[in-house]
Amino acid sequence: LPRLCSKTRGRWAVGERRRRLGTAMGEARRQRRLLLLVVCVALLLDNMLYMVIVPIVPDYIAAMRGGGGAAGPAAPAGANESGGGGGNRSLLPARYPPATGGNEDVQIGVLFASKAMLQLLVNPLSGTLIDRVGYELPLLAGLAVMFLSTLTFAFAANYATLFAARSLQGLGSAFADTAGIALIADRYSEEPARSRALGTALACISFGSLAAPPFGGVLYQFAGKRVPFLVLAAVCLLDGLLLLAVEPPCGAGARANMPVGTPIHRLMVDPYIAVVAGALTTCNIPLAFLEPTIANWMKESMGASEWEVGLTWLPAFFPHVLGVYVTVRLAAAYPHLQWFYGALGMAIIGASSCLVPACRNFGQVIVPLCGICFGIALVDTALLPTLAFLVDVRHVSVYGSVYAIADISYSVAYALGPIVAGQIVHTMGFAQLNLGMGLANVLYAPVLLFLKNVCQMKPSHSERNILLEEGPKGLYDTIKMEERKGVGKSLRPVGETEENGTDSYHRDLAGVSEEDSSDYEYS
């Protein structure tokens, strides 16, 4: 009788543990969807703040310098531009302000580049810090800095304050963007869910960049300069509060069980990661260099009106989203061809860049710009999950540093664009700039053949696996271990469990090492 009671108690304990674990896993899946929402909103806000100043800054700087601009710090809603026709400002301005000549044009270029420059400098440090403290706390810190930056923009009274606000945004982006993308890669560890989640984040980045200028122009004209920034600051504050509600960073005990990430300098010399980083930089150069130069070229070569210049980039949002969707579907069906999708995207970008100077009207120029954005979507959506996979199979599954490298790749292009592109156009010509960018992308596309066999790599006996074989020390590792044994498998009924709960637990652990070879495949 005592032995029977002991067996009954053992079965009850095992069944209760499995029921609790099943509930926790369901909550973890809901939690990661909420975290994906938080990250997408953060990326949307960052890119909207990046571009919302386009219709505001030129007039604002001119007014501060006494140049007759339309809106000072307290300009009334709907104020008209002075020094000319006196017409209303365009609600759909150029992506970057056209050249206004002299020192003012230099100030605007430096202001636009300062964010990417600081982001470029801070990213090596932010990636290392994210690997050490986890993803949630740097994400929250980045949102707080972005909130402060947005408020500084709203109440800026001189150029120095604008420059400080722009640079402060770069600091916040270095933490929020990198931690957000790394958090998605960590929580969506299986394919094709990881590609879908990262694709959703990329779509939010694109939408933020393309919707911000019209958003800023409308609110600037009808409500004043401060209103666009105050709206973005309010959304940023709500996003931070949602992060605190979903997963308080200071209460994360699971971080104690996470392995130590690979140092960023070691990841930088990994040849596979270096190839991906080079592709990300090269494919974004056409977009970064065309944004500050295409407006003047359209006015000079085809006499484009203000509304045509303002609408030039808006249609490109739809092929970008289409490219994300197509790549995610193709990656799910043919996961071993990720390298090919990236190479195809770079070829499309190269051909489209070469076609831009041949356009003679507004309708024609939209086509190659849509091609550029479609190609960028192919490259980003194919290669960002590849970075996480390379870390999984060649290093330790901690993603802060590797996505800091990706952010550095983007920042290189967007730091050079506002400053260098105009000089190249002035000395060599707009056509030569586009032909050079197109040729660079076409020549780099075959380099991605180096990634052809990446999907066949097997993970090494990483520190994460050693930790799991010692037994889960927290809910995080327990859930990760169960998810490795198959997403979607139902938990065994109580009656089918072994008589001894300890034997069942160690038998489950033994299965982890047997399935490691398939955990990280693109399947």
Side-chain angles (χ1 to χ4, degrees), residues 47-62 90 92-120 159 162-163 166-167 169-170 205-206 208-210 212-214 216-217 281-302 304 306 308-314 316 349 352-353 356-357 359 362 365-366 368-369 372-373 376 410-438 440-441:
N47 285 272
M48 288 194 72
L49 182 58
Y50 181 74
M51 295 306 303
V52 77
I53 68 172
V54 168
I56 300 173
V57 165
D59 285 348
Y60 189 39
I61 291 180
S90 172
L92 295 170
R95 293 270 292 180
Y96 276 81
T100 54
N103 186 51
E104 185 177 319
D105 188 42
V106 175
Q107 285 182 328
I108 293 174
V110 171
L111 183 66
F112 273 85
S114 61
K115 186 251 187 188
M117 287 180 176
L118 191 65
Q119 199 168 342
L120 180 63
Y159 179 81
L162 286 174
F163 185 84
R166 188 69 163 179
S167 302
Q169 186 200 351
I205 292 174
S206 175
S209 298
L210 295 171
T281 300
T282 306
C283 76
N284 279 276
I285 283 178
L287 184 60
F289 280 52
L290 280 175
E291 283 179 337
T293 57
I294 196 170
N296 285 337
W297 174 78
M298 289 178 64
K299 290 181 179 179
E300 294 172 0
S301 64
M302 62 184 68
E306 287 293 334
E308 288 177 329
V309 172
L311 283 175
T312 301
W313 291 98
L314 197 57
I349 293 170
S352 301
S353 298
V356 171
C359 299
F362 171 69
V365 80
I366 287 179
L369 294 183
I372 290 174
C373 290
I376 290 175
Y410 294 128
S411 298
V412 168
Y414 286 96
L416 294 176
I419 298 177
V420 176
Q423 296 298 324
I424 295 177
V425 172
H426 179 71
T427 56
M428 300 178 61
F430 185 79
Q432 286 73 16
L433 172 67
N434 282 269
L435 291 175
M437 296 187 301
N441 276 272

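How far CD of Q432 is from OG1 of T427: 9.5 Å, rounded to the nearest 0.5 Å. Note that the CG atom of N434 and the CD1 atom of I372 stand 7.0 Å from one another [nearest 0.5 Å]. Atom-to-atom distance recorded for I419:CD1 and Y414:OH is 15.5 Å, nearest 0.5 angstrom. Atom CG of N284 sits about 12.0 Å away from atom CG of L416, to the nearest 0.5 Å. Between the CG atom of N296 and the CE atom of M298 there is a distance of 11.0 Å, given to the nearest 0.5 Å.
Between A413 and T281, the shortest heavy-atom contact is CB-O, 4.1 Å. Considering every non-hydrogen atom in both T293 and G422, the closest pair reads CG2-N, 4.0 Å. G417 and P292 get closest at one heavy-atom pair: O-CG, 3.6 Å.
For N47, the side-chain contact (heavy atoms from CB on, under 4.5 Å) test picks out I205, S209, with sequence neighbours left out. Partners of S167 by side-chain contact (heavy atoms from CB on, under 4.5 Å), not counting sequence neighbours, listed by chain and number: S114, L118, F163. With sequence neighbours left out, A440 forms a side-chain contact (heavy atoms from CB on, under 4.5 Å) with T282. Not counting sequence neighbours, the partners of L120 by the side-chain contact (heavy atoms from CB on, under 4.5 Å) test are I408, S411, V412.
With a 4.5 Å cut-off on side-chain heavy atoms, M437 and L433 count as touching. For the pair V425 and F289, the minimum side-chain heavy-atom distance is 4.5 Å or more. You'll find the side chain of R166 reaches within 4.5 Å of the side chain of Y50, heavy atoms only. Between C359 and P368, some side-chain heavy-atom pair lies under the 4.5 Å cut-off.
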Quiz item: Checking side-chain contact (heavy atoms from CB on, under 4.5 Å) for the pair V365/W297: CA distance, chi angles, key distance, verdict?
Solution: CA-CA 11 Å; V365 80; W297 174 78; 4.0 Å; yes

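Checking each of I285, L369, T312 against L290 for a side-chain contact (heavy atoms from CB on, under 4.5 Å) leaves exactly one that passes, namely L369.
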